[in-house]
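Data block below; observations after.
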Number of protein chains: 2
Amino acid sequence: MLKITRKVEYALIALRHMQQSPNNSVSSASQIASKYGIPQHLLAKILQQMTRDGLIQAVKGPTGGYKIKADLKKISLKDFFEKLEGPLGLMDCYFNTDCLQMKACNILSPIQKINQNMRDMFSKTTLLEITQ
Amino acid sequence: MLKITRKVEYALIALRHMQQSPNNSVSSASQIASKYGIPQHLLAKILQQMTRDGLIQAVKGPTGGYKIKADLKKISLKDFFEKLEGPLGLMDCYFNTDCLQMKACNILSPIQKINQNMRDMFSKTTLLEITQ
DNA sequence: GTATATACGACAATTTTAATCGTATATAAA
DNA sequence: TTTATATACGATTAAAATTGTCGTATATAC
Ligand code: FES
Ligand code: FES
């Protein structure tokens with residue numbers, strides 16, 4: 001539990017790779033995939049999503065690839081996580097309402113506090129801090 | 001991602017229930033299960049584990065049940081989580097070594113920092129703060 | 001034209017989590 | 001001493017989430 005997904009892991013690896021790319025030149029999905037041992041097609045899909053999210057920019061065709069588009073110091077880790085995986089919360093009770101199985105849940109408000117702490121923590125960290 | 005498990009959720013609910021039990025009288029697994037809509041047998045197993053962990057005390061036989069044994073303000077949320085679910089980490093790379101698929105992982109040290117932040121956060125919170 | 005790259009959706013495999021089942025033991029109460 | 005209720009624990013199954021694959025379309029440098 002309390003794990004990040006491979007998807008986020010791969011996204012971070014790719015971002016950091018691009019960040020270190022000289023002169024912000026493009027890196028192709030297959031270059032990155034083979035360097036870090038990531039399934040090529042899977043990485044491609046993740047990069048495509050990050051493109052839609054405006055984090056990176058795609059260049060099509062041969063010699064194409066991806067490069068960083070957004071200002072990473074303006075994006076919090078929380079926003080990044082939520083772009084990739086949706087709302088951040090320790091439990092699902094806050095997003096879907098079908099947890100009424102718990103007729104009288106007694107831990108909702110305590111968990112809310114922890115939840116807020118976690119969100120605060122990830123809000124204070126920028127993507128740049130991670131990738132540089 | 002970054003979710004706690006039902007197991008932990010159920011454990012917290014049960015602990016809080018016991019905490020609120022007058023005079024620290026015992027509560028049976030089935031009482032708690034039916035009150036909060038938790039699968040009985042599943043809750044029982046969790047309570048048994050908490051008993052082995054020294055968090056609560058079991059009383060066998062009819063009129064039996066469980067009551068709190070440990071001093072909850074001396075137990076951090078981190079210790080509690082790790083008792084139930086094992087070592088706490090954002091990724092598995094720190095515990096098992098078969099992530100060498102990543103021939104040249106470039107995010108290990110950045111992730112370590114976030115990891116440490118998370119561990120610190122859960123270390124500073126006591127179980128009592130959650131259950132009371 | 002051809003090779004290489006992104007784009008995208010459908011599908012399958014794997015792993016993890018959640019829940020169930022069966023049986024044994026302890027003990028309070030009738 | 002019998003019975004009902006409760007904990008104890010391992011094996012197994014079911015469900016859900018994650019991870020990975022495949023097929024096809026489109027763009028573009030050479
Ligand atoms: S409401 Fe979902 S566990 Fe409390
Ligand atoms: S080592 Fe496992 S992802 Fe970097």
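Below, chains carry the letters A, B, ... as their sequence lines are ordered, and counting in each starts from 1.
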Query raised in the report: Starting at NZ of B/Lys3 and ending at C1' of C/dA18, how long is that distance when rounded to a whole Å?
Result: 16 Å
Query raised in the report: How many Å lie between CG on A/Asp53 and P on C/dA7, as a whole number?
Result: 12 Å
Query raised in the report: How many Å lie between CD on A/Glu9 and P on D/dG20, as a whole number?
Result: 9 Å
Report task. To the nearest 0.5 Å, tell me how far B/Lys124 NZ sits from B/Thr126 OG1. Result -> 13.5 Å
Query raised in the report: What one-letter contact string describes nucleotides 23-30 of chain D from 5' to 3', where B marks a base within less than 4.0 Å of any protein heavy atom, S marks contact via sugar-phosphate atoms alone, and - marks no contact?
Result: B---BBB-
Requested in this report: Look only at the side chain of B/Asn115 and the backbone of B/Leu90, and say whether a donor-acceptor pair between them is shorter than 3.5 Å.
Outcome: yes
Query raised in the report: Could you state the CD1-P distance from A/Ile46 to D/dT18, rounded to the nearest angstrom?
Result: 13 Å
Query raised in the report: B/Arg52 or B/Gln31: which one's nearest nucleotide on DNA chain D is closer to the 5' end?
Result: B/Gln31
Report summary line: Smallest heavy-atom separation, A/His17 atom then A/Ile32 atom, equals CD2-CG1, 3.7 Å
**Report entry** B/Val26 and B/Thr63, any side-chain heavy atoms less than 4.5 Å apart
**Finding:** no
Query raised in the report: Going through the checks in order, is the side chain to side chain contact (heavy atoms under 4.5 Å, CB included) test met by B/Met121 and B/Leu77?
Result: CA-CA 9 Å; B/Met121 190 185 95; B/Leu77 213 45; over 6 Å; no
Requested in this report: Look at the side chain of A/Gln48 and decide which nucleotide, out of D/dA8, C/dC8, D/dT19, has an atom nearest to it.
Outcome: C/dC8
Report task. Look at the side-chain N and O atoms of A/Tyr10 and state whether any lies under 4.0 Å from the OP1 or OP2 oxygen of D/dT19. Result -> no
Report summary line: With the side chain defined as heavy atoms from C-beta on, A/Thr5 is closest, among D/dT19, C/dA7, C/dA19, to D/dT19
**Report entry** Trace of the side chain to side chain contact (heavy atoms under 4.5 Å, CB included) decision for A/Lys113 with B/Ile130
**Finding:** CA-CA 9 Å; A/Lys113 291 180 209 161; B/Ile130 304 304; 6.0 Å; no
Query raised in the report: Contact class for A/Ala44 (heavy atom, under 4.0 Å): base, sugar-phosphate, or nothing?
Result: nothing
Report summary line: To the nearest angstrom, the NZ-P distance between A/Lys7 and D/dA17 comes to 14 Å
Report summary line: In whole angstroms, the gap separating P of C/dA18 from CD of B/Gln49 amounts to 13 Å
Query - Distance, nearest 0.5 Å, that separates CG of B/Leu15 from CD of B/Gln20 - result: 11.0 Å
Report task. Would you name the heavy atoms of A/Pro87 and B/Lys3 that are closest together and state the gap between them? Result -> O-NZ, 4.5 Å
Requested in this report: Measure the spacing between CZ of A/Phe122 and CG of B/Leu2 and express it to the nearest 0.5 Å.
Outcome: 5.0 Å
Report summary line: On a heavy-atom basis, the closest approach of A/Met1 and B/Ile4 is SD-CA, 3.8 Å
Report task. Output the residues of residues 80-88 of chain A in contact with DNA chain D, where contact means a heavy atom of the residue under 4.0 Å from an atom of the strand; sort by number or write none. Result -> none
Report summary line: Taking every heavy atom of B/Ala58 against every heavy atom of B/Tyr66, the minimum-distance pair comes out as CB-CE2, 3.7 Å
**Report entry** Whole-Å gap separating C1' (D/dA8) and CD (B/Gln40)
**Finding:** 15 Å
Report task. List the steps, then state whether salt bridge (Lys or Arg N to Asp or Glu O under 4.0 Å) holds for B/Arg119 with B/Glu82. Result -> CA-CA 11 Å; B/Arg119 295 169 70 90; B/Glu82 295 200 325; 3.7 Å; yes
N/O donor to acceptor pairs below 3.5 angstrom from side-chain atoms of residues 42-54 of chain A, sequence neighbours left out:
residue	atom	partner	partner atom	Å
A/Gln49	OE1	A/Lys7	NZ	3.1
A/Gln49	NE2	A/Lys83	O	3.3
A/Thr51	OG1	A/Leu47	O	2.8

Query raised in the report: Which parts of residues 64-71 of chain A get close to DNA chain D, meaning a heavy atom less than 4.0 angstrom away?
Result: none
Query raised in the report: Atom CD of A/Gln57 and atom P of C/dA7: how far apart are they, to the nearest Å?
Result: 10 Å
Report summary line: Closest non-hydrogen atoms of B/Ser27 and B/Met18, given as atom of the first, atom of the second and distance, are OG-CG, 4.3 Å
Query - Side chain to side chain, B/Thr131 and B/Ile68, heavy atoms closer than 4.5 Å - result: no
Report summary line: As a check of understanding: the bend across the helix from C/dG1-D/dC30 to C/dA30-D/dT1, end axes from five pairs, rounded to 10 degrees, works out to 0°
Requested in this report: Sugar-phosphate atoms are those with a prime plus P, OP1 and OP2; base atoms are the rest. Using that split, label each nucleotide of nucleotides 10-16 of chain C B, S or - for protein heavy atoms under 4.0 Å, 5' to 3'.
Outcome: B------
Query raised in the report: Passes side chain to side chain contact (heavy atoms under 4.5 Å, CB included), A/Leu72 versus A/Phe80? Steps please.
Result: CA-CA 10 Å; A/Leu72 297 194; A/Phe80 177 66; over 6 Å; no
Report summary line: Note: A/Ser30 and A/Gln40 closest approach over all heavy atoms is CB-CD, 3.6 Å
